[in-house]
Amino acid sequence: MLDAVSDFFGFLWGGPMFVVVFGVGLYFTFKLKFFQLFNPGYIWQNTVRTLFGRNKQDTTGEGQLKSLQVAAAVLSGTLGAGSIAGVATAIATGGPGAIFWMWVVAFVGMITKFVEVTLAVYYREQNKQGEFYGGPMYYIRKGLGSKWTPLATTYTIALLVFVTTDAGFVQTNTMASTLNGMFGIPTWITGIGIALIGALVIFRGIKALGAFCTFVLPPIVLLYYIGAGWVILTNLQGIPQMFAGIVHYAFAPGPIAGGIIGSTIMTAISRGAARGLFTNEAGMGTSATVHATANVDHPIRQGMWGIVEVFVVSFITCNVTAFMVLLVGMQSLTADAGILNAFHALGTAWPPVLVQVMSFGISLILFTSYLGSFIRFRTALYDLLGDTGERILKWAYFIPPLIAVNMEIPVIWLMADVAVGFLIIPNLIALFGLRHVFMRLYEDFRARDKAGTLHEPINILQP
């Protein structure tokens, strides 16, 4: 049964789903004249540079979290299991060519995420307590109209399932496997610790959650970059062959775990596309629920943070992991080992004690990933059940870690791929249906930015 489900979703990702995701992203890429490629300076100026100096904009709009806190919360939800364990697993099962297709999905995904974040901020709502909620379910109902409510509800239910699968199962299982494999800590102890400490952080409020992710994430990610970067530097002679292998096996049968020839082109596409979507969430709309809480002066400015996030996750973190494990060698990969593949690669260049330090840091990344996904969870609950239902059932967020820590890794990743599939179609339908609204918002921002009138109210015509 498990193999049949895996084969079915492998087919979907290797064909129909890949075409749909790539097609929508490519459409917006052409509409914006390859904005993500030809405007890096403009994107920087309106994202990272707005955090300091004369371009600071965080206090000029409505919202709960500063842009940096939103970025940290989103990256907390996307870095970790997907960009470390997931990349190694994709290579082990799909061969080196999976990385090429991950790049393809990420390139157009930068624009897809740009669009969905922008629409999430534009169509967001505020409750009586002053809290902001938004995301695909909101821009489906408010943008496309009430007749599309069933599609919005479908997305909300899928989001609830995805967050439970991703944060509750994937991230916590990977963290438990890490601490058990590196330190011998029983998985059930990790599960209890995640639930208890997570509750202490989360129920201090959304602002406290954003501050925690902002404080914890940057130094730990930097530590991982240094560790993996050194492995790459010690194997520089293998880089030309590595790139040649990635490109070659993207279009030809390639090696899988253990060096056995066995992966097909469809397998490479399905593993690369599925893992690429899982790590950067472009096309899924899940990160947009977090961006909807941002304190920002214009939806387009927050949308550009989506481009930055996909770049950081897919073209830096995922590549660092992929290059590290490929340079060490396919023979060292095991499909069932998950994140331990990355630790094995780190161990080829670092003494055991430093690998343990880095593994503990990665465990914290996984923990912040679990925390950062809570905003998605509470948004789905609020949309389905209202304020009262959210307050009562948000405690359910702390149950999955107690179950997931002892689940098998292949089952975990299959559940994640299934959940991703049910999110994408409703969201992409909405993005394409609201394409004219997005383009008007984009043109409005460029005109206001040039004229210095971004503080004025926005009035965009509906489709």
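From a predicted model like this one, the values you see are computed outputs, not experimental measurements.
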Legend entry - Check: Thr29 main-chain N/O paired with Gln36 side-chain donor or acceptor under 3.5 Å: no

Legend entry - Modelled atom types, side-chain donor and acceptor of Thr293 and Arg124, under 3.5 Å: no

Inset, instruction - May I ask you to test the Ser369-Ile365 pair for a side-chain heavy-atom distance under 4.5 Å? - result: no

Legend entry - Residue pair Gly109 / Ala282: nearest heavy atoms and the distance that separates them: O-CB, 3.1 Å

Legend entry - Spacing of Leu364 atom CG and Ile220 atom CD1 [to the nearest 0.5 Å]: 4.0 Å

Inset, instruction - Begin from the C-alpha positions of Leu32 and Phe114 and carry the test side chain to side chain contact (heavy atoms under 4.5 Å, CB included) through to its verdict. - result: CA-CA 11 Å; Leu32 294 174; Phe114 180 23; 3.8 Å; yes

Inset, instruction - Using a 4.5 Å cut-off on heavy atoms from C-beta on, say whether the side chain of Leu159 contacts that of Met137. - result: yes

Inset, instruction - Supply the atom-to-atom distance Met284 CE to Leu423 CG, rounded to the nearest 0.5 angstrom. - result: 5.0 Å

Legend entry - Minimum-distance pair of heavy atoms, taken over all atoms of Val87 and Cys318: CG2-SG, 3.7 Å

Legend entry - Stepwise side chain to side chain contact (heavy atoms under 4.5 Å, CB included) test for Val296 and Trp305: CA-CA 11 Å; Val296 70; Trp305 276 101; over 6 Å; no

Inset, instruction - Please answer whether the main-chain N or O of Gly135 pairs with a side-chain N or O of Thr379 as donor and acceptor at a distance below 3.5 Å. - result: no

Inset, instruction - Kindly give the heavy-atom pair with the smallest separation between Gly198 and Leu371, and that separation in Å. - result: CA-CD2, 3.6 Å

Legend entry - Where Gly285 and Pro136 come nearest, the two heavy atoms and their spacing: O-CD, 3.3 Å

Legend entry - Point-to-point distance, once rounded to the nearest 0.5 Å, from CG of Leu431 to CZ of Phe28: 6.0 Å

Inset, instruction - Check whether any side-chain heavy atom of Tyr382 lies under 4.5 Å from a side-chain heavy atom of Asn127, and answer yes or no. - result: yes

Inset, instruction - Could you give me the CA-CA distance, side-chain angles and deciding distance for Phe398 and Ile202, then say whether side chain to side chain contact (heavy atoms under 4.5 Å, CB included) is met? - result: CA-CA 10 Å; Phe398 306 105; Ile202 286 172; 3.9 Å; yes

Legend entry - Atom pair CG (Leu384) and CG (Leu381), whose distance is rounded to the nearest 0.5 Å: 7.0 Å

Legend entry - Asn180 side chain to Thr187 side chain, donor-acceptor N/O pair below 3.5 angstrom: no

Inset, instruction - State yes or no: are the ring centers of Tyr370 and Phe374 separated by less than 6.0 Å? - result: no

Inset, instruction - State whether the side chain of Arg435 and the backbone N or O of Phe432 hold a donor-acceptor pair below 3.5 Å, judged by distance alone. - result: yes

Legend entry - Side chain to side chain, Gln302 and Thr118, heavy atoms closer than 4.5 Å: no

Inset, instruction - Could you list the residues that satisfy side-chain hydrogen bond (donor to acceptor under 3.5 Å, both in side chains) with Tyr139, not counting sequence neighbours? - result: Asn427

Legend entry - Glu309 vs Lys113 side-chain heavy atoms within contact, under 4.5 Å: yes

Inset, instruction - Determine, step by step, whether Tyr138 and Leu119 satisfy the side chain to side chain contact (heavy atoms under 4.5 Å, CB included) criterion, reporting the C-alpha distance in whole Å, the side-chain angles of both residues, the deciding distance to 0.1 Å, and the verdict. - result: CA-CA 9 Å; Tyr138 288 87; Leu119 294 175; over 6 Å; no

Inset, instruction - Would you name the heavy atoms of Ile140 and Ala430 that are closest together and state the gap between them? - result: CG1-CB, 3.4 Å

Inset, instruction - Under the side-chain hydrogen bond (donor to acceptor under 3.5 Å, both in side chains) rule, collect the residues that match up with Arg446, sequence neighbours excluded. - result: Tyr42, Tyr442

Inset, instruction - Sequence neighbours left out, what passes ring pair (Phe, Tyr, Trp, His ring centres under 6.0 Å) with Phe183? Give chain and number order. - result: none

Inset, instruction - Applying ring pair (Phe, Tyr, Trp, His ring centres under 6.0 Å), name anything that partners Phe311, two or more places apart in sequence or on another chain. - result: none

Legend entry - side-chain hydrogen bond (donor to acceptor under 3.5 Å, both in side chains) partners of Trp103, counting only residues at least two apart: Asn319

Inset, instruction - Answer with yes or no whether the side chains of His298 and Asp444 bring together a donor and an acceptor at under 3.5 Å. - result: yes

Inset, instruction - May I ask you to test the Thr178-Phe360 pair for a side-chain heavy-atom distance under 4.5 Å? - result: no

Legend entry - Crowding at CZ, Phe34 (>12 non-hydrogen neighbours, <6.0 Å): yes

Inset, instruction - Please say whether more than 12 non-hydrogen atoms of neighbouring residues, nucleotides or ligands are located less than 6.0 Å from CZ in Phe315. - result: yes

Inset, instruction - Could you check if a side-chain atom of Leu366 sits within less than 4.5 angstrom of a side-chain atom of Thr172, using non-hydrogen atoms only? - result: no

Inset, instruction - Answer yes or no for Arg378 and Tyr133: cation-pi contact, defined as NZ/CZ to six-membered ring centre under 6.0 Å and angle to ring axis within 45°. - result: yes

Legend entry - Electrostatic pair Arg376-Glu281, nearest N-O below 4.0 angstrom: yes

Legend entry - CD1 on Ile111 to CG on Leu37, rounded to 0.5 Å: 10.0 Å

Inset, instruction - Indicate, with yes or no, if the rings of Phe438 and Tyr122 have centres closer together than 6.0 Å. - result: no

Legend entry - Pairs involving residues 394-404, ordered by first then second residue, that meet side chain to side chain donor-acceptor pair (under 3.5 Å) (sequence neighbours left out): none

Inset, instruction - May I ask you to test the Pro186-Ile189 pair for a side-chain heavy-atom distance under 4.5 Å? - result: yes

Legend entry - Euclidean distance, Thr289 OG1 relative to Glu116 CD, rounded to 0.5 Å: 10.0 Å

Legend entry - Minimum-distance pair of heavy atoms, taken over all atoms of Leu160 and Thr164: O-OG1, 2.8 Å

Inset, instruction - Keeping the roles fixed (side chain from Glu125, backbone from Phe132), state whether a donor-acceptor pair exists under 3.5 Å. - result: no

